[in-house]
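One structure is given here, and the rest of the page talks about it.
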Amino acid sequence: MKLTERIHLVGSGEADWKPTDMIDAQVYLVTTGDGHVVIDAGAGRSIEAILAAVRADGVDPQRIAWVLLTHGHGDHAGGAAAWRAAVPGIQIAASVEVGGWLAQGDEAATSVDRGRVAGIYPADYRLAPCDPDLVLSDDDVLSVGDLAFRAIATPGHARGHLAFLAEIDRGRTLFSGDALFPAGRILLQDTWDCDLQAALRSVERLAELSPERLLAGHLGPVLARAGDHLAVATARIARLLVPESLL
């Protein structure tokens, strides 16, 4: 699904967005003249459906150069190994924490084990190991073609969480992963690395970036006036309240 001239939504677990697999997070693709960039990998069970969506949008999957992972949860990072198998030469980037866990297929560190017990993932779902090609730190910039993707450390929902900021199609675009959702919502879960205070500080940091678009890991894309959504969250924080929960 083409969202802007260069941004596509190619994977989703949302019922309203032609789901590729109900356990996929949103998977975005950004085109450049020197290779394309995917934000988040999905869970790994639907790579063929995602590639079909890429082709349906008139994009050659074999020109995808990078997959950037926001965090290590299975619905976002579990598909990294499937992307590597499907697209020769593709490179995977993640934070240092997520990169280490993914390389080991560490289901405890990525909370895949907890998610499976809770029924978020099917009983037979497993995290496939995948050693990332690039480790990203806060404020690192990955340039692909004429675009620059800035990594923003946004822990809270999960340790090692990154958001990505880029100027695309004349608009400041924020890929927020699970750090912030439309309508100013956040997601706190009973996982070992979920941290309320860190999550609130991450929301405040994202608000300071003044994005025009908000493309989150779940729910539909916000293609204009993203600041209105961020303001809902920061207004609650200013009143010593927690932003409303996604669930």
Side-chain angles (χ1 to χ4, degrees), residues 1-12 14 17-18 20 24-42 50-51 53-71 76-77 79 83 87 90-95 134 136-154 161-184 202-203 205-231:
M1 179 180 298
K2 195 169 187 178
L3 303 179
T4 73
E5 185 63 29
R6 301 172 70 172
I7 303 173
H8 304 253
L9 177 62
V10 296
S12 177
E14 305 289 329
W17 295 96
K18 296 183 179 179
T20 47
D24 282 341
Q26 306 288 58
V27 180
Y28 300 99
L29 181 145
V30 182
T31 62
T32 89
D34 194 25
H36 311 319
V37 177
V38 166
I39 311 294
D40 277 335
I50 293 174
L51 294 178
V54 172
R55 295 186 192 97
D57 275 5
V59 178
D60 180 3
Q62 299 307 309
R63 297 198 65 243
I64 298 173
W66 287 93
V67 176
L68 310 184
L69 302 177
T70 61
H71 61 294
H76 294 258
W83 278 99
V87 181
I90 200 168
Q91 298 186 83
I92 312 294
S95 68
L134 177 67
L136 293 170
S137 299
D138 186 32
D139 280 329
D140 281 353
V141 175
L142 175 66
S143 294
V144 184
D146 60 333
L147 299 181
F149 294 83
R150 176 185 167 197
I152 313 294
T154 42
H161 192 292
L162 297 174
F164 296 97
L165 185 71
E167 295 282 347
I168 307 170
D169 295 332
R170 300 168 300 282
R172 177 169 285 196
T173 303
L174 176 64
F175 299 93
S176 61
D178 284 0
L180 181 72
F181 303 99
S202 290
V203 169
R205 185 176 185 196
L206 293 178
E208 292 173 354
L209 300 174
S210 301
E212 298 167 69
R213 303 188 188 106
L214 175 63
L215 304 181
H218 303 279
L219 302 184
V222 175
L223 300 179
R225 300 187 60 167
D228 294 350
H229 297 256
L230 287 151

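Numbering starts at 1 and runs along the sequence shown. The basis for the numbers below is simple: all heavy atoms, side chains too, and nothing from hydrogens, waters or symmetry mates.
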Donor-acceptor pair, side chain of [X] and main chain of [Y], under 3.5 angstrom:
X      : Y      : value
Ser12  : Gln26  : no
Asp140 : Ala151 : no
Arg6   : Thr31  : yes
Tyr28  : Ala216 : yes
Arg213 : Ile168 : yes
Thr4   : Ile7   : yes
His71  : His76  : no
Arg172 : Leu209 : yes
Trp83  : Ala41  : yes
Ser176 : Leu174 : no

Margin query: Under the criterion side-chain contact (heavy atoms from CB on, under 4.5 Å), I'd like the reasoning laid out for Asp24 against Ile50: C-alpha separation, chi angles, the key distance, then a yes or no.
Written below: CA-CA 10 Å; Asp24 282 341; Ile50 293 174; 4.1 Å; yes
Check: By side-chain contact (heavy atoms from CB on, under 4.5 Å), which residues pair with Lys2, not counting sequence neighbours?
Finding: Glu5, His8, Asp57
Next item on the list: Could you go through the side-chain contact (heavy atoms from CB on, under 4.5 Å) check for Asp138 and Arg205 one step at a time?
Entry: CA-CA 12 Å; Asp138 186 32; Arg205 185 176 185 196; 2.8 Å; yes
Next item on the list: Supply the atom-to-atom distance Asp40 CG to Leu69 CG, rounded to the nearest 0.5 angstrom.
Entry: 6.0 Å
Heavy-atom closest pair, residues [X] and [Y]:
X      : Y      : value
Phe181 : Gly217 : CE2-N, 4.4 Å
Val144 : Asp34  : CG1-O, 4.0 Å
Gly220 : Pro182 : O-CG, 3.5 Å

Check: Going through the distances and angles, do Phe164 and Leu136 end up as a side-chain contact (heavy atoms from CB on, under 4.5 Å)?
Finding: CA-CA 11 Å; Phe164 296 97; Leu136 293 170; 3.7 Å; yes
Margin query: Taking side-chain contact (heavy atoms from CB on, under 4.5 Å) as the criterion, tell me which of Leu180, Leu230, Val222, Leu206 meets it with Pro211.
Written below: Leu230
Item checked: Pro61: which of Val54, Val10, Val38 passes side-chain contact (heavy atoms from CB on, under 4.5 Å) ->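 So the option named by the test is Val54.
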Next item on the list: Assess whether atom CZ of Arg63 is packed by more than 12 heavy atoms of other residues, nucleotides or ligands within 6.0 Å.
Entry: yes
Note to self: Would Leu68 and Phe175 count as a side-chain contact (heavy atoms from CB on, under 4.5 Å) here? Give the steps.
What the structure shows: CA-CA 10 Å; Leu68 310 184; Phe175 299 93; over 6 Å; no
